[in-house]
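See structure below.
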Amino acid sequence: MPQIEDFLPQEIIVIDQGHGLVSFRQKEFNSNYTFWRLFTRKGYWYNNYCLNLPLENIIVHPKYKSYFLAREKFTNYAVLVNLKPFHIKRIPLDFYPHFIFSYSDYFICASTKGNILILDKKGNIIKNLNLNKEIINLKNLNDQRVLVIIFVDNKYHLIALKI
């Protein structure tokens with residue numbers, strides 16, 4: 001792997017109390033690749049990964065620390081990554097996932113057009129919803145509900161959606 005100076009850091013991801021990951025993209029070449037470098041809490045680099053996918057918005061699952069979900073740039077794909085054992089699954093979506101986050105035992109992908117998809121940690125679809133409303137933002141409320149800000153009739157509304 002080239003020197004770290006040849007790359008632009010994009011995201012820092014805490015995996016657990018002792019490990020983290022930095023996601024990089026190369027400055028000039030290989031812009032459609034994602035480079036990961038793992039580090040310890042003492043700041044030592046120890047593993048490199050090069051993925052032939054341009055990933056962004058990488059979310060670590062808080063319960064299952066080796067599982068990540070990310071958005072593949074420029075496509076309607078979510079990408080599920082398991083570090084132990086290393087496995088990548090591209091998940092085709094019917095929408096562009098503007099929002100990606102973990103929820104209870106699952107991951108959620110959602111679009112601004114009202115599409116919400118719930119995936120398990122293996123990338124299987126658990127539930128597919130369409131609110132038919134413009135979604136402005138979503139956040140976890142608790143293990144049963146998600147807060148959703150929607151835009152309807154020129155007004156913003158906050159709803160608690162039971163998933």
Could you pull out the closest heavy-atom pair between [X] and [Y], with the gap in Å?
{"X": "A70", "Y": "I58", "result": "CB-CG1, 3.7 Å"}
{"X": "L129", "Y": "K127", "result": "CD2-CD, 3.8 Å"}
{"X": "D120", "Y": "Y106", "result": "CA-CD2, 3.8 Å"}

How many angstroms lie between atom [atom1] of [X] and atom [atom2] of [Y], to the nearest 0.5 angstrom?
{"X": "K65", "Y": "Q17", "atom1": "NZ", "atom2": "CD", "answer": "8.5 Å"}
{"X": "H87", "Y": "L80", "atom1": "NE2", "atom2": "CG", "answer": "7.5 Å"}
{"X": "N124", "Y": "I118", "atom1": "CG", "atom2": "CD1", "answer": "13.5 Å"}
{"X": "L119", "Y": "I125", "atom1": "CG", "atom2": "CD1", "answer": "6.5 Å"}

- Task: Kindly assign one of parallel, tilted or perpendicular to the pair F24 and W45, based on the angle between their ring planes and the thresholds 30° and 60°.
- Result: tilted
- Message: Test your reading of the model: is there a side-chain donor-acceptor pair from H61 to the backbone of F101, 3.5 Å cut-off?
- Response: no
- Are the side chain of S23 and the backbone of Q10 linked by a donor-acceptor contact shorter than 3.5 Å? no
Do the side chains of [X] and [Y] join up, straight or via other hydrophobic residues, at under 4.5 Å, putting them in one cluster?
{"X": "I116", "Y": "I136", "value": "no"}
{"X": "V60", "Y": "F86", "value": "yes"}
{"X": "V14", "Y": "L83", "value": "no"}
{"X": "V22", "Y": "Y44", "value": "no"}
{"X": "L21", "Y": "L69", "value": "no"}

- Centroid separation F107 to Y67 less than 6.0 Å: no
- Message: Could you check whether atom CD1 of I12 has more than 12 heavy atoms from other residues, nucleotides or ligands sitting under 6.0 Å from it?
- Response: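 For I12, atom CD1 is not crowded (no more than 12 foreign heavy atoms under 6.0 Å).
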- Query: For L55, which of F68, Y77, W36 qualifies under side-chain contact (heavy atoms from CB on, under 4.5 Å)?
  - Reply: W36
Output a table of donor-acceptor pairs, distance under 3.5 Å, between side-chain atoms of residues 138-163 and any protein atom two or more places apart or on a different chain; print 'none' if there are none.
{"residue": "N140", "atom": "ND2", "partner": "S102", "partner atom": "O", "Å": "2.9"}
{"residue": "N142", "atom": "OD1", "partner": "Q144", "partner atom": "N", "Å": "2.8"}
{"residue": "N142", "atom": "OD1", "partner": "R145", "partner atom": "N", "Å": "2.8"}

- Would you sort out whether Y49 and T34 count as a side chain to side chain contact (heavy atoms under 4.5 Å, CB included), showing the intermediate values? CA-CA 8 Å; Y49 293 94; T34 301; over 6 Å; no
Donor-acceptor pairs under 3.5 Å, side chain of residues 90-100 to any protein atom, not counting sequence neighbours: which ones?
{"residue": "R90", "atom": "NE", "partner": "E72", "partner atom": "OE1", "Å": "2.9"}
{"residue": "R90", "atom": "NH2", "partner": "E72", "partner atom": "OE1", "Å": "3.1"}
{"residue": "R90", "atom": "NH2", "partner": "E72", "partner atom": "OE2", "Å": "3.4"}
{"residue": "Y96", "atom": "OH", "partner": "E56", "partner atom": "OE2", "Å": "3.3"}
{"residue": "Y96", "atom": "OH", "partner": "R71", "partner atom": "NE", "Å": "3.2"}
{"residue": "H98", "atom": "ND1", "partner": "Y96", "partner atom": "O", "Å": "3.2"}
{"residue": "H98", "atom": "ND1", "partner": "T112", "partner atom": "N", "Å": "3.2"}

- Query: With the threshold set at 4.0 Å, does a side-chain nitrogen-carboxylate oxygen contact exist between D105 and K63?
  - Reply: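 A salt bridge links D105 with K63.
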